[in-house]
Number of protein chains: 2
Amino acid sequence: MNAKPPTSLDVARLAGVSQATVSYVLNDRPGARVSDETRERVREAAERLGYVPHAGARTLRTGRSGLILISMDDVPYGPLAIGMLEELDRELSRRGYTLVQYGARRLRGVPAARAWAELRPVAVLAGAGKLDEQAVAVLRSAGVKAVVALGAHSSAVTASVVVDHAGIGALAAGHLIDRGCRTIAAVVPAEPGLREMGEHRLSGARRVAEARGVPLTRADLPFSEEGAAALLDVWRRVDGVFAYNDDYAMLLMTVLRDAGVAVPGDVRMVGCDDLPLATLLRPRLTTVRIDVSAMPSLLARRLEELMEQEAPAEPDHIHPWNPVLVVRESS
Amino acid sequence: MNAKPPTSLDVARLAGVSQATVSYVLNDRPGARVSDETRERVREAAERLGYVPHAGARTLRTGRSGLILISMDDVPYGPLAIGMLEELDRELSRRGYTLVQYGARRLRGVPAARAWAELRPVAVLAGAGKLDEQAVAVLRSAGVKAVVALGAHSSAVTASVVVDHAGIGALAAGHLIDRGCRTIAAVVPAEPGLREMGEHRLSGARRVAEARGVPLTRADLPFSEEGAAALLDVWRRVDGVFAYNDDYAMLLMTVLRDAGVAVPGDVRMVGCDDLPLATLLRPRLTTVRIDVSAMPSLLARRLEELMEQEAPAEPDHIHPWNPVLVVRESS
DNA sequence: TTGAAAGCGATACCAA
DNA sequence: TTGGTATCGCTTTCAA
């Protein structure tokens with residue numbers, strides 16, 4: 001068990017050929033002509049030794065690693081995001097790249113960029129919040145071809161994937177107004193990790209409400225029954241609520257029922273995410289479902305472009321969301 | 001932008017010293033004595049060039065990568081798992097290792113092991129299902145010091161982290177019987193990804209039920225109202241249900257209410273996970289909370305042991321779960 | 001206190 | 001059709 005891992009030289013010796021031949025055979029390089037007999041000998045030797053190439057050595061020699069880093073603390077959890085990641089992984093590995101999630105210990109800016117750059121990845125995907133101009137420069141100078149920011153608005157400094165939270169808010173508010181609501185509230189979670197997204201959803205809702213002349217109040221809501229109950233006068237004052245997401249909608253519906261406020265009779269309610277619980281609530285919850293099925297292939301294609309061209313790309317963005325309203329009973 | 005990334009040789013030249021000195025300074029090796037003045041010059045040169053060391057080259061030279069791979073499709077999603085991962089990441093990076101999630105494109109067995117082995121990680125954590133004996137052998141021969149299986153029971157072939165689903169079922173069943181239930185049912189999700197865990201939870205419940213002379217029926221339940229309604233005769237026949245988890249419990253409570261079955265009057269109900277929705281349901285849901293707070297440091301310590309010792313470890317296991325019953329109104 | 005140079009494993013050029 | 005060998009970036013021994 002202390003034997004060192006077999007190298008291509010070991011394979012070469014066992015097969016009675018040179019290291020170069022081993023490399024040709026194992027990567028079957030189109031240019032090189034090797035007899036079928038030697039091919040076979042090499043393959044067999046590699047098999048017998050349990051040879052596995054050394055990615056680091058290959059990277060060193062070729063200058064390209066095929067590694068694509070995605071920062072794990074920027075990937076929201078939940079089945080939706082996980083499914084997307086799996087699909088992205090599949091798309092990228094089909095193209096010969098290796099997707100890995102690397103958190104970089106909650107670092108941001110230049111320190112995070114340094115940690116990532118050590119691995120000499122060919123692309124880095126990270127939350128827009130961790131990629132300032134200098135961080136992008138560090139990555140670029142370490143040879144990273146594609147730097148992509150993930151966030152709610154496009155980055156001025158690099159290409160980005162924009163997740164359109166404002167559009168969700170707009171859709172929800174528009175629906176409430178269509179249903180006849182004359183004063184609406186939009187929930188912004190008080191939880192630090194969620195507040196920013198909440199504000200983006202709010203801004204979209206506000207835009208639509210203003211355009212249509214409906215007053216909108218912002219409700220900063222911590223996720224607890226007491227928190228929701230403390231805002232009871234808000235819920236009583238409006239006739240429509242965009243609850244940020246389905247979990248908050250459930251919280252509100254529970255508190256409103258306990259307080260004797262009828263949904264949708266007194267106040268109409270819209271959630272977001274179309275979680276399983278949405279159809280289990282009574283009344284069943286109207287919600288915004290986000291269709292991200294187009295995102296993985298879109299992103300993979302864009303990455304491939306970026307990785308293959310020489311110059312760094314203009315800061316543009318792709319916008320692969322498609323929010324859809326699912327109307328049920330709560331609105 | 002086509003300039004190649006700066007190397008330690010570039011730094012050396014700019015600082016007017018040798019490559020060796022750069023290495024000494026930047027890793028501040030205790031053995032080597034370098035004057036403060038040269039230290040400063042080297043640091044400044046590195047800074048000016050934006051030098052970032054090349055992890056692959058270092059690995060090649062030292063033979064150790066510091067990379068720890070965890071297979072991403074074996075990490076269950078949800079805030080609990082994410083928090084655990086973050087903590088594990090922190091523990092490991094504090095010890096100088098780099099934790100990376102790598103899915104290996106849904107491979108298993110030897111092909112997955114090869115993919116991982118290319119990166120020459122120092123440890124690999126993966127679902128017990130993807131690590132057969134040969135896969136472990138491949139990893140070992142590629143120099144991976146610690147191979148740890150993640151699963152519901154301990155592996156015969158390598159060290160493992162055992163997540164004690166049976167214990168959850170046992171706790172839930174014991175509680176129901178304590179409350180006076182005389183016939184109970186345990187839900188096993190029909191969904192492929194969940195069924196196996198469901199069966200482990202079931203087995204624990206069954207063990208306790210048998211020991212205490214209470215009949216237990218298995219209920220294979222797809223996550224839908226129709227599915228739950230189709231089993232109505234089961235729910236009517238028993239006076240206690242362990243619902244697998246909180247989501248399934250909510251599903252059942254909805255369907256039972258619609259069918260006029262009272263909880264906990266006619267049937268007592270226990271969930272698992274202590275999700276936020278558990279306190280929002282009416283009646284509030286009794287559930288099993290899983291305390292994994294001890295796991296990250298335990299696992300990190302064990303990994304460190306394994307990585308530092310020479311011989312591969314005996315297949316032992318750590319068992320870092322601590323299920324706790326949270327009694328509310330549904331039971 | 002610092003430098004020269006060997007070597008880690010794989011690739012790719014140039015010869016044979 | 002195959003082999004020899006320089007090279008990638010870094011660490012580390014040995015000399016100076």
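Order of the sequence lines fixes the chain letters, A, B, ..., with proteins taken first and strands second; residue numbering starts at 1 for each chain. All values reported here derive from a predicted model rather than from experimental measurement.
- In this structure, A/Thr38 reaches the sugar-phosphate backbone alone: every heavy-atom distance under 4.0 Å involves primed, P, OP1 or OP2 atoms, never a base.
- OP1 or OP2 of D/dG9 has not a single side-chain nitrogen or oxygen of B/Thr7 nearer than 4.0 Å.
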Output one line per pair: protein atom, nucleotide atom from nucleotides 14-16 of chain C, and distance, for all N/O pairs under 3.5 Å.
none

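- Distance NE2/A/His54 to OG1/A/Thr7: 10.5 Å, rounded to 0.5 Å.
- Note that OG of A/Ser8 and CG of A/Leu49 are 11.0 Å apart. Values are rounded to the nearest 0.5 Å.
- The nearest whole Å value for the distance from the OH atom in B/Tyr51 to the P atom in D/dC10 is 3 Å.
- Taking atom CD of A/Gln19 as the reference point, atom P of D/dC8 lies 17 Å away to the nearest angstrom.
- Look at CZ on B/Arg13: it is 15 Å from C1' on C/dG3, rounded to the nearest Å.
- In this structure, the side chain of B/Thr38 does not engage the main chain of B/Val34 through any donor-acceptor pair within 3.5 Å.
- Between A/Leu119 atom CG and D/dG9 atom P there is a gap of 16 Å when expressed in whole angstrom units.
- Screening residues 6-17 of chain A for salt bridge (charged side-chain N to carboxylate O under 4.0 Å, His left out) gives A/Asp10-A/Arg13 as the qualifying pairs, with residues at least two apart or on separate chains.
- One N or O on the side chain of A/Asn27 and one on the backbone of A/Ser23 form a donor-acceptor pair closer than 3.5 Å.
- Residue B/Leu49 contributes atom CG, which lies 15 Å from atom C1' of D/dG9 at whole-angstrom precision.
- Here the nucleotide nearest the side chain of B/Leu60, chosen from C/dC8, C/dA10, D/dT11, is C/dC8.
- The neighbour count for B/Gln309 CD, taken as heavy atoms of other residues, nucleotides or ligands under 6.0 Å away, is above 12.
- If you look at B/His317 and B/His153, their ring centroids are not closer than 6.0 Å.
- For the pair B/Asp28 CG and D/dC10 P, the interatomic distance rounds to 17 Å; values are reported in whole Å.
- You'll find a donor-acceptor pair under 3.5 Å spanning the side chain of A/Arg61 and the base of D/dT7, going by distance alone.
- Residue B/Asn27 contributes atom CG, which lies 13 Å from atom C1' of D/dG9 at whole-angstrom precision.
- The side chain of A/Val34 lies closest to D/dT2 when the candidates are D/dT2, D/dC10, C/dT11.
- Using bins of under 30°, 30° to 60° and over 60° for the plane-to-plane angle, the ring pair A/His165/A/Trp321 lands in the perpendicular bin.
- Contact annotation for B/Ser35: backbone-only contact, meaning every heavy-atom pair under 4.0 Å involves sugar-phosphate atoms and none involves a base.
- Listed candidates were C/dA12, C/dA10, D/dG9. Nearest to the side chain of A/Ala20 is C/dA12.
- Nucleic acid contact for A/Val22: none, since no nucleic acid atom lies under 4.0 Å from a heavy atom of the residue.
- For B/Thr21, the side-chain atoms get nearest to C/dG3 when compared with the rest of D/dT12, C/dG3, C/dC8.
- Rounding to whole angstrom units, NE2 of residue B/His54 and P of D/dT7 are separated by 17 Å.
- The nucleotide whose nearest atom lies closest to any side-chain atom of B/Ser18 is, among C/dG3, C/dA10, C/dC8, C/dG3.
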